[in-house]
Each structure stands twice: as C-alpha cells, then as structure tokens.
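For the numbers below, each heavy atom of this structure counts, side chains included, while hydrogens, waters and symmetry mates do not. Each ligand, and each atom within it, is numbered from 1 in the order the structure gives.
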Amino acid sequence: MKVLLLGSGAREHALARSLASDPAVSAVVALPGNPGIASLARCVPGDPADPELVLEVATSEQVDLVVVGPEAPLVAGVADTVRAAGIPCFGPSAEAARLEGSKAFAKEVMTAAGVPTAAAHVCTTLDAVEEALAATGSPFVVKEDGLAAGKGVVVCASRDEALAHAAACLGREDGRVVVEDFLDGPEVSLFCLADGRTVVPLEPVQDFKRAGDGDTGPNTGGMGAYTPLPWAPEGLVDQVVRTVAEPTVREMAARGMPFIGLLYIGLAMTPAGPRVIEYNARFGDPETQSVLARLRTPLAGVLLAAARGRLHELPPLEWSPESSVTVVVAAEGYPAGPLTGDPVKGIDEAESVEGVHVLQAGTRIDEASGQLVSAGGRVLSVVALGEDLAEARERAYAGVARVSLRGSHHRRDIADRAAAGQIEVPSLAEVLAAVTDAEEPTRSPSQEP
Ligand code: AMP
Ligand code: GLY
C-alpha cells in the first residue's frame with residue numbers, strides 16, 4: 001500500500017513513523033513533510049490545503065490512501081476532492097469538518113444528538129453577550145465561533161475581560177461568539193476513528209495547553225501529553241463512545257454529512273460526569289505523538305478501514321501496556337512570536353536514551369549551512385516510553401536535556417501530577433455535600449445536558 005500524508009508537524013512525523021512501520025505499506029509520500037519526515041517518506045513541496053495539487057500528487061503517485069493531518073486541508077475540501085476521484089481518504093468532508101470549524105455548529109449537533117456538554121448561548125451582539133454572561137455567571141467562558149488556532153477562547157473571572165474578548169470577536173466580519181457554562185475538572189482527549197457509521201476509540205490521553213508550568217501563561221497548540229491516564233474512571237472510554245461519539249456520528253450521518261476520519265473529543269471530567277468541551281476533526285497535536293507510540297496494530301490498515309467504511313471488520317486494536325510521555329520543545333518567544341533560524345542539535349543524542357524518539361515540527365534544513373534550524377514555534381516533540389509514567393517522564397526529560405536550541409523552553413511538569421497519583425475526579429456526592437455546606441450556592445451546577 002502507498003500512502004500520501006498531508007501536513008508538516010510532529011503529529012505528521014508520528015503518523016509517518018507509524019505508517020512507514022506498517023508491513024503493508026510500501027511507501028509514504030508526504031506533502032509537504034519536514035526534515036524529520038524526510039527520513040521515512042518522500043517529501044513533495046506544496047500546499048496541502050490545495051485540493052487540486054493534492055489530487056494531482058495522489059493520482060501521479062498512484063496512492064491507495066490519503067491521510068490528512070491538519071485542519072486547513074479539511075476545511076478547504078481536500079477530502080471531498082480526493083474521495084470524488086475514488087481514492088480512499090482518512091479525513092472528513094469540508095461540511096463534516098465544521099464540527100471543528102464552527103463551535104456554534106458543534107453545539108447544534110451536540111444538542112440534537114443529546115451529547116452532554118456545557119449549556120451555551122450563541123451571540124451576535126454585545127447585548128446578547130451581556131445577557132448570556134449574567135445567565136452563566138463566573139467563571140466566564142467566551143469562545144470565538146470560527147477556527148482560531150486555540151486563541152479564540154477566554155476563560156476568566158472578570159466580566160470586563162469576558163466582554164472585551166466578545167467585543168473583539170464580534171468586531172470581525174460575521175463575528176459570532178459562544179458563551180457557555182464553565183466546566184470544572186481534569187481534561188481528557190479521546191480520539192475516535194469513524195468511518196461514517198462505526199466508531200473505534202483510541203486510548204485516552206491528556207494534553208497540556210498552557211505555555212507555563214502549573215497551567216500558567218498563554219494558551220498554546222499543546223506543550224506535552226501522556227497516556228494512559230491512571231486516574232481515569234473505569235469504563236470512561238465505553239461511556240464516552242456510547243454517549244458522545246456514537247450519537248454524534250449517527251447525527252452527522254442523518255444530516256447527510258457522514259464523518260469519516262478522526263473525531264477528537266475534548267472532555268472535562270466534571271463531578272456530574274464527562275462533558276464535551278470541544279470537537280476537532282483531526283488527530284490532536286501533541287497527543288498523537290504519545291498515543292501512536294503505544295499503538296501496536298499497524299496503522300495504515302486501520303486508517304484504510306476507516307476510509308473505506310470497514311471499521312466493523314477490524315479486530316480490536318492492540319496497545320502496548322507501557323506509558324508514553326511527550327514533551328514539546330518550543331522556540332524562544334512561542335507562542336506570542338517565536339524566533340526562528342537557530343540551529344537545532346542533539347536529536348541523535350536524545351534518541352540514544354532508552355525508549356526515546358524525537359519528532360520534528362518547526363524545523364528546516366538551512367541551505368547555506370546544511371544544518372537543521374528552527375522554523376516554527378513548536379520545534380520538536382520528545383517522546384518516551386517507559387514501564388510507568390514516572391519512567392517515561394524521566395526518559396523524556398533526559399532526552400530533552402540532550403537537545404540544544406538557543407532560548408528554547410519546555411514545560412517541566414508534563415505528567416508529574418498523574419505520575420504522583422495527584423489527579424482526582426471529584427465525585428458528584430462530594431460536590432453536593434460541599435454545596436449543601438455552603439450558605440447559598442451562587443449558581444446551580446447546570447452541567448446536566
Ligand atoms: P477549546 O478551543 O474549545 O478547546 O478551548 C480551549 C481551552 O479552553 C480548553 O482546552 C479548556 O481548557 C478551556 N475551556 C474551553 N471551554 C471551557 C469550558 N466550558 N469550561 C472550562 N474550560 C473551558
Ligand atoms: N492538542 C490540542 C489540539 O490538537 O487541538
């Protein structure tokens with residue numbers, strides 16, 4: 001099988017690594033790929049969000065499967081063009097990708113499908129926002145409706161800050177914001193493969209979105225991840241598949257926009273149970289780096305089964321019992337304004353640490369010097385497997401210590417609380433007891449669907 005992979009991040013490097021190691025795969029072609037992917041695949045330059053170019057490459061290379069990494073090609077309709085030409089594609093249509101592209105649409109589908117999520121108000125005027133903020137109370141959650149690369153969401157205690165963010169979003173063309181209830185609890189990402197009908201979950205994983213240790217600083221694309229989640233309640237995956245993934249996939253099919261690809265379910269583990277925070281229509285980054293490190297079933301066959309509507313024929317996925325920790329090494333200035341063009345060294349040394357591999361994201365080969373240099377905000381993902389989270393963490397950080405990039409930064413606390421057994425999902429009974437003890441609850445915990 002020959003596979004065309006779209007994208008250029010560490011997520012795609014992880015996908016390329018898994019695809020290339022599938023015995024059924026004869027070759028991987030990447031558009032555009034990156035210097036790390038180039039050691040596993042033939043990289044073709046060009047814009048992966050250009051449907052005609054993708055089709056041209058897929059056709060001339062005679063690939064059997066196209067795998068879409070990032071959201072931009074999905075929104076641009078690449079999957080539609082590829083499928084219309086009869087080539088299996090792992091990635092939803094532009095219409096179905098609106099589950100990620102529009103938070104208002106995602107809420108509409110969740111409501112229709114009866115999926116547990118935060119109560120939400122879609123607003124187009126500041127007056128409506130003021131009313132919605134009064135209804136939800138603090139902490140306030142205000143989200144820009146469209147794709148905003150993780151920067152469109154403000155969660156804050158200040159009503160003025162919430163209003164200012166809403167005003168900025170509404171000021172843009174066709175501005176719409178979603179104001180919703182605050183969901184309290186640790187977050188889980190659950191990736192589900194979908195073929196339009198059948199859902200197959202991957203292992204749950206946790207992501208670290210803030211730039212700084214202890215979840216401080218600005219939101220980023222993601223600074224690290226780990227799996228498994230020793231603290232996750234028993235039966236979580238089955239419950240989320242039954243109450244979230246399957247009803248959503250059924251609802252999309254009923255709307256004539258079957259979801260084929262990866263449904264990324266971002267959850268908050270609230271006292272009242274798991275609640276959906278967001279959907280994405282693609283693999284998450286950096287979660288994928290950790291999840292795929294543990295997947296033993298050859299990946300290409302799995303993604304092809306999804307693309308061809310054959311997930312029901314797939315035997316259960318096999319997973320390594322090991323733990324996996326991913327630490328992102330980011331350029332100086334990320335996320336606000338990353339510096340680029342600095343030499344990136346020590347990848348081989350990092351990979352000499354047992355259980356460690358390094359995936360590249362914002363890198364390029366400098367033509368003049370032939371050296372690997374930084375070319376983006378998130379530069380590398382250092383991924384480690386270990387017997388447990390503590391060992392995987394130790395190895396990942398030993399790897400990070402051997403990498404050198406001037407001014408780089410990374411979080412030092414990836415998976416530390418999980419490894420130390422410090423993450424707890426509060427039970428509803430505990431929360432109700434606390435509310436009864438308090439004088440007067442300021443607002444009801446309106447987290448029921
Ligand atoms: P999103 O772009 O929807 O994933 O939001 C980005 C981040 O904002 C999430 O990962 C959460 O940490 C936070 N967030 C979003 N919605 C809520 C909510 N309703 N309650 C609490 N935190 C939220
Ligand atoms: N890690 C979050 C995302 O991929 O959206």
Requested in this report: Using the side-chain contact (heavy atoms from CB on, under 4.5 Å) rule, take Y397 and I414 through it: C-alpha gap first, then chi angles, then the decisive distance, then the call.
Outcome: CA-CA 9 Å; Y397 282 107; I414 305 302; 3.4 Å; yes
Query raised in the report: Is the shortest distance from a heavy atom of Y264 to ligand 2 less than 4.0 Å?
Result: yes
Requested in this report: Answer yes or no: is there a donor N or O on one side and an acceptor on the other, between the side chain of R83 and the main chain of C89, under 3.5 Å?
Outcome: yes
Query - Distance-only N or O hit between ligand 2 and G221, under 3.5 Å - result: yes
Query raised in the report: Hey, are K209 and D207 close enough for a salt bridge, meaning a charged N less than 4.0 Å from a carboxylate O?
Result: yes
**Report entry** D181, portion touching ligand 1 at heavy-atom distance under 4.0 Å
**Finding:** backbone
Query raised in the report: Against heavy atoms of K209, which atoms of ligand 1 measure under 4.0 Å?
Result: 10 (O)
Report summary line: So the atoms of ligand 1 within less than 4.0 Å of a heavy atom of F182 turn out to be 20 (N), 21 (C)
Report task. Could you go through the side-chain contact (heavy atoms from CB on, under 4.5 Å) check for L15 and F283 one step at a time? Result -> CA-CA 9 Å; L15 287 163; F283 281 101; 3.7 Å; yes
Query raised in the report: Taking only heavy atoms of V141, which atoms of ligand 1 are found under 4.0 Å from at least one of them?
Result: 16 (N), 17 (C), 18 (C), 19 (N), 20 (N)
**Report entry** Minimum non-hydrogen distance to atom 16 (N) of ligand 1, winning option of E100, K103, K143
**Finding:** K143
Requested in this report: Scan residues 319-330 for pairs that pass side chain to side chain donor-acceptor pair (under 3.5 Å), counting only residues two or more places apart or in two chains.
Outcome: S290-S324, S290-T326, S320-E322
Report task. From atom 11 (C) of ligand 1, work out which of E278, R210, E187 has a heavy atom at the shortest distance. Result -> E187
**Report entry** Backbone N/O of Q360 and side chain of T363: donor-acceptor pair under 3.5 Å
**Finding:** no
**Report entry** E394: partners by salt bridge (Lys or Arg N to Asp or Glu O under 4.0 Å), with sequence neighbours left out
**Finding:** none
Report summary line: A student checking ligand 2 against G284 at a 4.0 Å heavy-atom cut-off should list atoms 4 (O)
Query raised in the report: So, Y264 and E287: side-chain donor and acceptor under 3.5 Å apart, yes or no?
Result: yes
Query raised in the report: Numbering the atoms of ligand 1 from 1, which are under 4.0 Å from a heavy atom of E180?
Result: 16 (N), 17 (C), 18 (C), 19 (N)
Query - Heavy-atom nearest neighbour of atom 5 (O) of ligand 2 within options E287, R282, E278 - result: R282
**Report entry** Contacting atoms of ligand 2, where contact means under 4.0 angstrom from a heavy atom of D207
**Finding:** 1 (N), 2 (C)
Requested in this report: List every atom of ligand 2 that sits less than 4.0 Å from any heavy atom of N280, numbering the atoms from 1 in the order shown and giving each element.
Outcome: 5 (O)
Query raised in the report: What do you reckon, does R275 put a non-hydrogen atom under 4.0 Å from ligand 1?
Result: no
**Report entry** Distance, nearest 0.5 Å, that separates CD of E95 from CG of D80
**Finding:** 8.0 Å
Query raised in the report: Should the pair E12-R17 be classified as a salt bridge under the 4.0 Å nitrogen-to-oxygen rule?
Result: no
Query raised in the report: Any N or O on V153 sitting closer than 3.5 Å to an N or O of ligand 1?
Result: no
